[in-house]
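Positions are given from 1 along the sequence. Only a predicted model underlies this, so the values are computations on that prediction, with no experimental measurement involved.
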Amino acid sequence: MDILRKTLLSLLLVLPLVCFAGNAVDINAANLETLMSIKGIGEKRATAIIAYREQYGSFKSVDELTYVKGVSESLVEKNRDSLAVTSAK
């Protein structure tokens, strides 16, 4: 019974990560925590992305992330498959 309990607990902890892994982050709708889930984006960059979005409006493409101070082209390229622009405000 203990093995079953540990297995179920492990599945409950891992399942959300597996489900999220296939989904791209919409950079126009993502909150601070969601932006921080992107590899290479910490609190400072996530805050800068949100501030840029609030000042200039929605991103029209993922490439526009490079307009945000601290976000390089290489960072965008490394994460391109996990980034999306689907929401417009």
Nearest heavy atoms of R53 and F59, plus distance in Å: CB-CE1, 4.1 Å
Min side-chain heavy-atom separation I38-L35 under 4.5 Å: yes
Give me the atom names and distance for the closest heavy-atom approach of V25 to A30. CG1-CB, 3.7 Å
Identify the two heavy atoms, one from V68 and one from I49, that lie closest to each other, and give their separation to 0.1 Å. CG1-N, 3.8 Å
Over all atoms of both residues, closest heavy-atom pair of S61 and I27: O-CD1, 4.2 Å
The residue among L83, D81, V76 that forms side chain to side chain contact (heavy atoms under 4.5 Å, CB included) with N79 is L83
To the closest 0.5 Å, what do you measure between CD1 (I41) and OG1 (T34)? 12.5 Å
ring-ring contact (aromatic ring centres under 6.0 Å, His included) filter on Y56, not counting sequence neighbours, yields Y52
Heavy atoms of E43 and M36 approach each other most closely as CA-SD, 3.7 Å
Considering non-hydrogen atoms only, spot the tightest contact between L75 and G40 and give its length. CD1-CA, 3.8 Å
